[in-house]
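This is a predicted model, so every value here is computed, not measured. All heavy atoms count here, side chains included; hydrogens, waters and symmetry mates do not.
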Amino acid sequence: MKIISARNHGYLDFLTVGIFLLAPTLLELSQIPAMLAYGLAVVHLIVTLTSDFPFGIFKIIPFTIHGWIERAVGPTLVAIPFILNFAEEPVARNFYIAMGVIIIMVGLLTNYQEENPGAGK
């Protein structure tokens, strides 16, 4: 069941960017998790602004590809604390696992096949 429209997905994308930008300070993340969060905020913003959907400015990336990027990012975020060896930091580990699960859920609920998502509906 795809209940999230392209427009609503855009709002969630900007919320995600904000969360990644604020997390290092609010959660007092150590260096690697903090730098990763800042990097992910930048990458997520670039993908959002270059996607062909209502919030895309440059409309280079088809919205379906935007979806595939997020399908890869969600599980990667769940695994990243273990890959980058900060799983022993509970706050950082739980933040990345939670963000990964949220991105997976949003991905499952978003209609990436919406007709003309960039048309500004």
Side-chain angles (χ1 to χ4, degrees):
M1 182 157 114
K2 307 293 184 180
I3 60 172
I4 300 175
S5 69
R7 176 166 293 285
N8 287 334
H9 186 97
Y11 292 123
L12 294 173
D13 277 348
F14 285 115
L15 177 61
T16 300
V17 170
I19 290 169
F20 277 123
L21 285 174
L22 292 172
T25 301
L26 295 178
L27 301 177
E28 299 179 356
L29 299 179
S30 65
Q31 187 174 3
I32 290 174
M35 292 296 109
L36 180 61
Y38 291 133
L40 286 167
V42 170
V43 170
H44 205 91
L45 181 61
I46 290 169
V47 169
T48 298
L49 295 177
T50 59
S51 291
D52 186 11
F53 77 132
F55 290 99
I57 294 173
F58 302 104
K59 302 192 186 303
I60 298 167
I61 301 171
F63 194 46
T64 53
I65 301 299
H66 180 114
W68 283 108
I69 292 169
E70 291 181 347
R71 286 180 184 99
V73 168
T76 301
L77 289 177
V78 173
I80 208 78
F82 306 97
I83 295 168
L84 296 181
N85 295 316
F86 61 85
E88 69 283 352
E89 299 176 41
V91 172
R93 180 193 63 228
N94 294 342
F95 169 70
Y96 280 96
I97 290 172
M99 289 302 291
V101 169
I102 290 167
I103 288 173
I104 290 167
M105 295 305 299
V106 168
L108 291 171
L109 296 172
T110 296
N111 181 6
Y112 292 107
Q113 304 299 322
E114 185 174 321
E115 286 189 41
N116 302 316
K121 293 185 211 177

[X]-[Y] co-clustered via ILVMFWY side chain contacts under 4.5 Å:
X	Y	answer
Ile65	Val73	yes
Phe55	Leu45	yes
Ile60	Tyr112	yes
Phe20	Ile69	yes
Leu36	Val47	yes

Tabulate below the donor-acceptor pairs under 3.5 Å that side-chain atoms of residues 79-91 make, not counting sequence neighbours, or state none.
{"residue": "Glu89", "atom": "OE1", "partner": "Ser30", "partner atom": "OG", "Å": "2.7"}
{"residue": "Glu89", "atom": "OE2", "partner": "Ser30", "partner atom": "OG", "Å": "3.1"}

### Message
Ignoring hydrogens, what is the shortest heavy-atom contact between Ala72 and Thr76? Give both atom names and the distance.
### Response
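Closest approach of Ala72 to Thr76, heavy atoms only: O-OG1, 2.7 Å.
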#### Entry: Minimum heavy-atom distance between Leu29 and Ala23, given as atom pair plus value
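Closest approach of Leu29 to Ala23: CG-O, 3.9 Å.
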#### Entry: Co-members of Ile46 in a cluster of I, L, V, M, F, W and Y side chains, linked at under 4.5 Å
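Result for Ile46 is Val42.
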### Task
Would you indicate whether the side-chain heavy atoms of Leu49 and Phe14 approach each other to under 4.5 Å?
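In contact.
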### Query
Within a strict 4.5 Å, meaning less than it, do heavy atoms of the Leu40 and Leu77 side chains meet?
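Sidechains of Leu77 and Leu40: in contact.
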#### Entry: Side chain Tyr96, main chain Pro33, donor-acceptor under 3.5 Å
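Looks like yes, one N/O pair under 3.5 Å.
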### Task
Sequence neighbours left out, what passes side-chain hydrogen bond (donor to acceptor under 3.5 Å, both in side chains) with Thr16? Give chain and number order.
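Partners of Thr16 under the side-chain hydrogen bond (donor to acceptor under 3.5 Å, both in side chains) test: none.
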Sequence-distant partners of [X], side chain to side chain contact (heavy atoms under 4.5 Å, CB included), two or more places apart:
X	answer
Ala6	Phe53, Pro54, Phe63, Glu114, Pro117
Ile19	Leu15, Phe95, Met99
Gln113	Thr64, Asn111

Only pairs under 3.5 Å count here: list side-chain donor-acceptor contacts from residues 102-110, not counting sequence neighbours, and write none if there are none.
{"residue": "Thr110", "atom": "OG1", "partner": "His9", "partner atom": "ND1", "Å": "2.9"}
{"residue": "Thr110", "atom": "OG1", "partner": "Val106", "partner atom": "O", "Å": "2.7"}

### Query
What residue pairs, at least two apart or across chains, pass side-chain hydrogen bond (donor to acceptor under 3.5 Å, both in side chains) with a residue in residues 39-48?
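Listed once each, the pairs are Asp13-His44, Asp13-Thr48.
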### Spacing of Tyr11 atom OH and Ile4 atom CD1 [to the nearest 0.5 Å]
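That separation rounds to 13.5 Å.
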### Which residues share a ring pair (Phe, Tyr, Trp, His ring centres under 6.0 Å) with Tyr38, sequence neighbours left out
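For Tyr38, no residue satisfies ring pair (Phe, Tyr, Trp, His ring centres under 6.0 Å) once neighbours in sequence are set aside.
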